[in-house]
2 protein chains.
Amino acid sequence: MKKSNMKTNLIISGDCREILKTLPDDCVDLIVTSPPYADKRNHSYGGIHPDHYFAWFIPIALELKRVLKPRGSFILNIKEHANDGERGIYVLEMVLTLKKLGWRWTEEYIWHKKNSFPGKWPNRFRDSWERCYHFTKQKNFKMYQKAVMVPIGKWAEKRLNNPIKSDFIRLESNSESGLGRKVQNWVGRKKVYPTNVLHLPTVVTNVNHSAAFPPDLPEWFIKLLTKKGDVVLDPFLGSGTTALVAKSLARKYIGIEIKSQYVRLAEKRLKSNKVKI
Amino acid sequence: MKKSNMKTNLIISGDCREILKTLPDDCVDLIVTSPPYADKRNHSYGGIHPDHYFAWFIPIALELKRVLKPRGSFILNIKEHANDGERGIYVLEMVLTLKKLGWRWTEEYIWHKKNSFPGKWPNRFRDSWERCYHFTKQKNFKMYQKAVMVPIGKWAEKRLNNPIKSDFIRLESNSESGLGRKVQNWVGRKKVYPTNVLHLPTVVTNVNHSAAFPPDLPEWFIKLLTKKGDVVLDPFLGSGTTALVAKSLARKYIGIEIKSQYVRLAEKRLKSNKVKI
DNA sequence: GTTCCGCATGAATCGATAG
DNA sequence: ACTATCGATTCATGCGGAA
């Protein structure tokens, strides 16, 4: 298929291991996805065993690399589970595998889930964060940092209400380090750049999908890594959040989902332009 | 050396690869440390190259495992640096290596550095988090969760005073999550258990040490994983923060540091009982 | 319109019990 | 011994209806 002929703004029903092969080379600006976690979601992709997880992902990773444009990005949201008191290592193995396949591990963003799943155990606290790996094909990739700047107002407001020790220490070190002066430069500024920690609550509204990530998560990465008209791909679309957000931001989208019930749900959500149906 | 004869509350000057051998088996309740990062701190331990990092750490990891009590814990604060636009994989390799050596990877806590150093790069935001790996020798290890409870969120103020009807009626969740509620456990509650995300500011002190972590970090883990009179070890003591905190919490400490100037600084801080000198 | 209040829900984890 | 299922534990958020 020629790139120029490629259809966009569509949801494809099927196994991404097959569907991806039908896409042309270098046709996607951003991949944002959250694959089924090991040993979970038993009915789609057969509930991949942790020991086979990264091997299962290899052909997918290769296809994703092929369809991504040279200056594009691949955002992978994942978190290993605890089992018998230990964290699984399949996610770490996956990073090493992706690197061997030629992906560059650019960054690891932390999604801090403020409303994480409740529960209590003798030697474990609640898991309230997930990994968002950022992989690229090249050192130089597209990044529009200004698109995700955050108002300094919120930050400053929080600081005023809840000052921390180092705020005062910084003032003391004003004369010596110059750091204090830099902080002074921030005063009066309207917007600042964010960090690599994202504070987003999980989705609690019922979208009939057990693993939907919040719209703010793909939104942040789509704004950061694409501009209007760019193509966003999610090979594990689920209930369609990535496509929905891409559409609302005037990006083109391609979504692939293996379960027909989720395909229908995603199409319904896209039609209504509503997160919740 | 017999365990009973072991001296505590001391700082040992020297290379931990040698010093650790002089400690008896099963003599330490908690190890908290932040080792020299790969390719950094060039003057201590010779600036370990990323490719040799986990191999360099193997003999240390084995000694640490030997001196740790069966139900003790090992907290490893570390974060890979970016090099040529990529995150290094030596930390991931280290986790896999430690597992091969028999350590159990119990948990990965995120230290969210609320006031990370300002800065801007074309392809990268400020790095505002670090990993705190929790390794143990056994599935059952000592953990005193109540010691680190935090105030309950603002949302609960009303609920605590005015429990709602459903708190008493609804004991089972309607969904498939299998989650029910027992609100009698909540009534009058002022504190909740924390999560595996720690929100601590970085501390800018005049302490002349490149990797000084804030006292709050070892404090949290010492409270969580030891009780009074227990022995805390830091094989890369640096400016002595771990020892200082252990002392202030009535724990015994053993610190090992290779650079004599840091040994002197740590001793000075311990003598004065002050974080900042 | 706002704010308040009721309330459902969640990519969890572990130990015990059953097959 | 090894897997499968079940019950118990727990907290912050958004939504929708009411005030």
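Numbered from 1 within each chain, the chains take letters A, B, ... in sequence-line order.
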Nucleotide pairing, DNA chain D (Watson-Crick or G-U, distances under 3.5 Å), in dot-bracket with [ ] and |: .||||||||.|||||||||
Exceeds 12 heavy-atom contacts within 6.0 angstrom, atom [atom1] of [X]:
{"X": "N9(A)", "atom1": "CG", "answer": "yes"}
{"X": "K120(A)", "atom1": "NZ", "answer": "yes"}
{"X": "K137(B)", "atom1": "NZ", "answer": "yes"}

Of all the nucleotides listed ([options]), which has the minimum atom distance to the side chain of [X]?
{"X": "N115(A)", "options": "dT13(C), dC11(D), dT13(D)", "result": "dT13(D)"}
{"X": "K120(A)", "options": "dT9(D), dG14(D), dA11(C)", "result": "dT9(D)"}
{"X": "F117(A)", "options": "dG10(C), dT13(D), dA12(D)", "result": "dG10(C)"}
{"X": "R87(A)", "options": "dT13(C), dA11(C), dG14(D)", "result": "dT13(C)"}
{"X": "S34(A)", "options": "dA12(D), dA11(C), dT13(D)", "result": "dA11(C)"}
{"X": "A82(A)", "options": "dA12(D), dC14(C), dA11(C)", "result": "dC14(C)"}

Take the protein atom [atom1] of [X] and the nucleotide atom [atom2] of [N], then report the distance between them rounded to whole Å.
{"X": "H209(A)", "N": "dT9(C)", "atom1": "NE2", "atom2": "P", "answer": "17 Å"}
{"X": "E107(B)", "N": "dA12(C)", "atom1": "CD", "atom2": "C1'", "answer": "11 Å"}
{"X": "K139(B)", "N": "dC14(C)", "atom1": "NZ", "atom2": "P", "answer": "7 Å"}
{"X": "D127(A)", "N": "dA11(C)", "atom1": "CG", "atom2": "C1'", "answer": "10 Å"}
{"X": "F141(B)", "N": "dC14(C)", "atom1": "CZ", "atom2": "C1'", "answer": "12 Å"}
{"X": "K191(B)", "N": "dA12(D)", "atom1": "NZ", "atom2": "P", "answer": "14 Å"}
{"X": "N83(A)", "N": "dG15(C)", "atom1": "CG", "atom2": "P", "answer": "11 Å"}
{"X": "Y90(A)", "N": "dA11(C)", "atom1": "OH", "atom2": "P", "answer": "14 Å"}

ring centroid sep under 5.5 Å plus plane angle under 30, Y37(A) with dA11(C):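 Yes, Y37(A) stacks on the base of dA11(C), since the ring centres sit under 5.5 Å apart and the planes are within 30°.
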When we call it a touch if two heavy atoms are under 4.0 Å apart, what does [X] touch: a base, just sugar-phosphate, or nothing?
{"X": "V204(A)", "result": "base"}
{"X": "Y193(B)", "result": "sugar-phosphate"}
{"X": "D84(A)", "result": "sugar-phosphate"}
{"X": "K113(A)", "result": "nothing"}
{"X": "G153(B)", "result": "sugar-phosphate"}

Pairwise 5' ranking along DNA chain C for N140(B) and T202(A), keeping only the more 5' one: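 Result: T202(A).
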DNA chain C: 5'-proximal contact among E130(A) and E86(A) (nearest heavy atom): E130(A)
Phosphate-side-chain proximity, [X] and [N], N/O vs OP1/OP2 below 4.0 Å:
{"X": "H81(A)", "N": "dT13(C)", "result": "yes"}
{"X": "K114(A)", "N": "dT13(D)", "result": "yes"}
{"X": "R124(A)", "N": "dC14(C)", "result": "yes"}
{"X": "W155(B)", "N": "dA12(D)", "result": "yes"}

Closest-nucleotide 5' rank along DNA chain D - winner of P201(A) and P118(A):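 That would be P118(A).
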Which residue lies more 5' along DNA chain D, comparing W121(A) with P151(B) via nearest heavy atoms: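 Closest to the 5' end, via its nearest nucleotide, is W121(A).
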T241(A) and R269(A) side chains, donor-acceptor separation under 3.5 Å: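 A pair is found: one side chain offers a donor N or O, the other an acceptor, under 3.5 Å apart.
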Gap separating the OG1 atom of T202(B) from the NE2 atom of H112(B), nearest 0.5 angstrom: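 One gets 10.0 Å once the value is rounded to the nearest 0.5 Å.
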Aromatic plane relationship, Y37(A) with H81(A) - under 30° parallel, 30 to 60° tilted, over 60° perpendicular: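 Rings of H81(A) and Y37(A): perpendicular, as their planes differ by over 60°.
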Ring-ring centroid check H134(B) F141(B), cutoff 6.0 Å: yes
Residue from Y133(B), W129(B), F221(B) passing ring pair (Phe, Tyr, Trp, His ring centres under 6.0 Å) with Y109(B): F221(B)
D230(A)/R251(A) salt bridge by N-O under 4.0 Å criterion: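 The answer is no: the pair does not qualify as a salt bridge.
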Distance, P atom - from dA8(D) to dA11(C), rounded to whole angstrom: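 Pairwise P distance, dA11(C) against dA8(D), rounds to 22 Å.
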